[in-house]
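Notes follow once the structure below has been shown.
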There are 2 protein chains.
Amino acid sequence: MTDELIVDCQLRSGLELFAHTWDPLVIVALRGEPLRRRVLKNAIGGVSDKVLTESLHRLLANGLVARRSFAEAPPRVEYALTPLGRTLLEGPLLALGHWLEGHAEELLAAQEASEAG
Amino acid sequence: MTDELIVDCQLRSGLELFAHTWDPLVIVALRGEPLRRRVLKNAIGGVSDKVLTESLHRLLANGLVARRSFAEAPPRVEYALTPLGRTLLEGPLLALGHWLEGHAEELLAAQEASEAG
DNA sequence: CCGTATCCGTATTGATACTG
DNA sequence: CAGTATCAATACGGATACGG
């Protein structure tokens with residue numbers, strides 16, 4: 001009974017994890033090894049320094065991404081998924097990916113049909 | 001190989017389905033029977049007429065929601081999920097719901113920890 | 001009841017240039 | 001390389017009032 005309401009309620013806060021344009025893409029970009037900031041930026045593509053910083057701050061604040069800096073001559077910082085971040089990637093994000101694989105065509109068809117009409 | 005790139009690419013367009021604040025909530029609200037506009041609005045709560053209209057137009061254009069109007073004395077219009085919309089609900093959206101059930105606490109803990117520090 | 005139009009405050013984005 | 005500061009553009013959400 002309360003089940004549905006709770007889900008709906010939490011859903012609203014959960015959706016914010018996907019609401020910011022770049023946050024999910026950062027997570028996907030970090031699916032493999034830890035990446036340096038510059039590499040991460042290039043891996044995503046089309047994101048500005050400022051926005052990437054904001055995105056990383058949110059992800060850090062939510063415990064989805066971890067930051068590690070090395071005291072070296074050329075400054076080095078690496079970002080990686082936390083275990084929690086990885087569950088988000090392998091759960092909801094992967095589910096969305098699978099859904100798209102199976103329904104992207106159908107989605108496109110509907111979009112074109114509505115433009116025609 | 002191309003697999004990952006394709007997923008990433010599609011993911012960007014797929015994420016737009018969740019990017020607009022109210023779209024996913026409309027889908028969840030329509031999980032049961034078809035609803036009249038007013039009922040739908042109340043079921044969601046906190047959404048304005050204008051924004052609800054925009055949201056419905058997007059969902060209609062994407063083939064996720066269907067509109068049916070009845071030629072009756074008090075105008076009646078009902079909105080319902082399409083089969084495609086239902087797959088989105090039962091796939092990615094449900095996955096997010098499940099993830100939240102299992103990790104909401106962990107997420108909150110991380111958020112509070114970062115505020116404290 | 002259904003839907004649209006208008007106005008407005010705010011948040012998000014992005015380009016650029018600058019500091020450590 | 002990493003990260004911040006500033007400024008401009010705009011997209012989004014919301015209140016209200018009006019038309020079918």
Side-chain angles (χ1 to χ4, degrees), chain A residues 8 11-30 33-62 64-81 114 117, chain B residues 11-30 33-62 64-80 114 117:
Chain A
D8 284 8
L11 192 60
R12 256 163 120 140
S13 66
L15 284 167
E16 290 183 13
L17 299 177
F18 298 88
H20 296 274
T21 312
W22 303 101
D23 293 19
L25 298 175
V26 170
I27 293 177
V28 172
L30 290 176
E33 325 165 277
L35 297 181
R36 303 181 63 159
R37 184 197 168 90
R38 175 56 52 100
V39 178
L40 176 58
K41 186 186 171 186
N42 293 335
I44 297 172
V47 64
S48 67
D49 279 315
K50 176 196 162 194
V51 174
L52 178 58
T53 295
E54 290 170 351
S55 192
L56 285 170
H57 283 172
R58 268 191 303 272
L59 294 169
L60 290 170
N62 287 332
L64 300 173
V65 165
R67 189 191 114 118
R68 192 178 167 197
S69 74
F70 301 82
E72 297 180 1
R76 181 155 72 108
V77 177
E78 284 186 350
Y79 293 92
L81 288 182
S114 79
Chain B
L11 192 59
R12 252 160 122 142
S13 65
L15 284 168
E16 290 183 12
L17 300 177
F18 297 89
H20 295 275
T21 311
W22 302 101
D23 295 18
L25 297 175
V26 170
I27 293 177
V28 172
L30 290 175
E33 327 165 274
L35 297 180
R36 304 182 61 160
R37 183 197 169 92
R38 177 56 53 97
V39 178
L40 176 59
K41 185 185 172 187
N42 293 336
I44 298 173
V47 64
S48 69
D49 279 317
K50 176 200 162 191
V51 174
L52 178 58
T53 295
E54 291 171 350
S55 191
L56 285 170
H57 283 174
R58 270 191 303 271
L59 294 169
L60 290 169
N62 288 333
L64 299 173
V65 165
R67 189 192 117 119
R68 191 177 167 199
S69 74
F70 301 82
E72 297 181 1
R76 181 155 70 109
V77 178
E78 284 186 350
Y79 294 92
S114 80

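All figures in this text were calculated on a predicted structure; none of them were measured in a lab. Throughout, protein chains are lettered first and strands after them, A, B, ... in sequence-line order, and every chain is numbered starting at 1.
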Problem set entry | Residue list, salt bridge (charged side-chain N to carboxylate O under 4.0 Å, His left out) with B:Arg76, at least two apart or on another chain | B:Glu72, B:Glu78
For this session: Enter the distance from B:Ile44:CD1 to A:Arg12:CZ here, rounded to the nearest 0.5 Å.
Result: 8.5 Å
Exercise. Is any side-chain N or O of B:Arg36 closer than 4.0 Å to OP1 or OP2 of C:dC1?
Worked result: no
Exercise. Which is true for B:Phe70 with a 4.0 Å heavy-atom rule: it touches a base, it touches only sugar-phosphate, or it touches nothing?
Worked result: nothing
Exercise. Taking C-beta and beyond as the side chain, do A:Leu81 and A:Leu64 meet within less than 4.5 Å on heavy atoms?
Worked result: no
For this session: Determine which bases of DNA chain D form Watson-Crick or G-U wobble pairs with both distances under 3.5 Å, and write the result as a 5' to 3' dot-bracket string with | for other-strand partners.
Result: ||||||||||||||||||.|
Exercise. B:Glu78 CD to C:dC1 P: how many Å, rounded?
Worked result: 15 Å
For this session: Verify the contact: side-chain N or O of A:Arg37 to OP1 or OP2 of D:dA2, cut-off strictly under 4.0 Å; return yes or no.
Result: no
Problem set entry | Atom-pair distance (CG on B:Leu52; C1' on D:dC12), nearest Å | 15 Å
For this session: Of all the heavy-atom pairs spanning A:Ala61 and B:Ser114, show the shortest one and how long it is.
Result: O-OG, 3.5 Å
Problem set entry | d(CZ, A:Arg38; C1', D:dC1) in whole Å | 7 Å
Report all side-chain donor-acceptor pairs from residues 14-23 of chain A shorter than 3.5 Å, counting only partners two or more places apart or in another chain.
unit_1, atom_1, unit_2, atom_2, d
A:Asp23, OD1, A:Ser55, OG, 2.5
A:Asp23, OD1, A:Arg58, NH2, 3.0
A:Asp23, OD2, A:Arg58, NE, 2.9

For this session: Can you tell me the distance, in whole Å, between the CG atom of A:Leu35 and the P atom of D:dA2?
Result: 11 Å
Problem set entry | Contact letters for nucleotides 6-20 of chain C, in which S counts primed atoms plus P, OP1 and OP2 and B counts the base, heavy atoms under 4.0 Å | BB----SBBB----B
For this session: Take atom CZ of B:Arg68 and atom P of C:dC2, then tell me their distance rounded to the nearest Å.
Result: 15 Å
Exercise. Could you state the CG-P distance from B:Leu60 to C:dC2, rounded to the nearest angstrom?
Worked result: 15 Å
Problem set entry | side-chain contact (heavy atoms from CB on, under 4.5 Å) against A:Val77, all qualifying residues, sequence neighbours excluded | A:Arg67, A:Ser69, A:Tyr79
Problem set entry | Atom-to-atom span, CZ of B:Phe18 to P of D:dC12 - whole angstrom | 17 Å
Side-chain donor-acceptor contacts of residues 47-54 of chain A below 3.5 Å, not counting sequence neighbours, with atom names and distances?
unit_1, atom_1, unit_2, atom_2, d
A:Ser48, OG, A:Val51, N, 3.3
A:Thr53, OG1, A:Arg37, NH1, 3.3
A:Thr53, OG1, A:Arg37, NH2, 2.8
A:Thr53, OG1, A:Asp49, O, 3.0

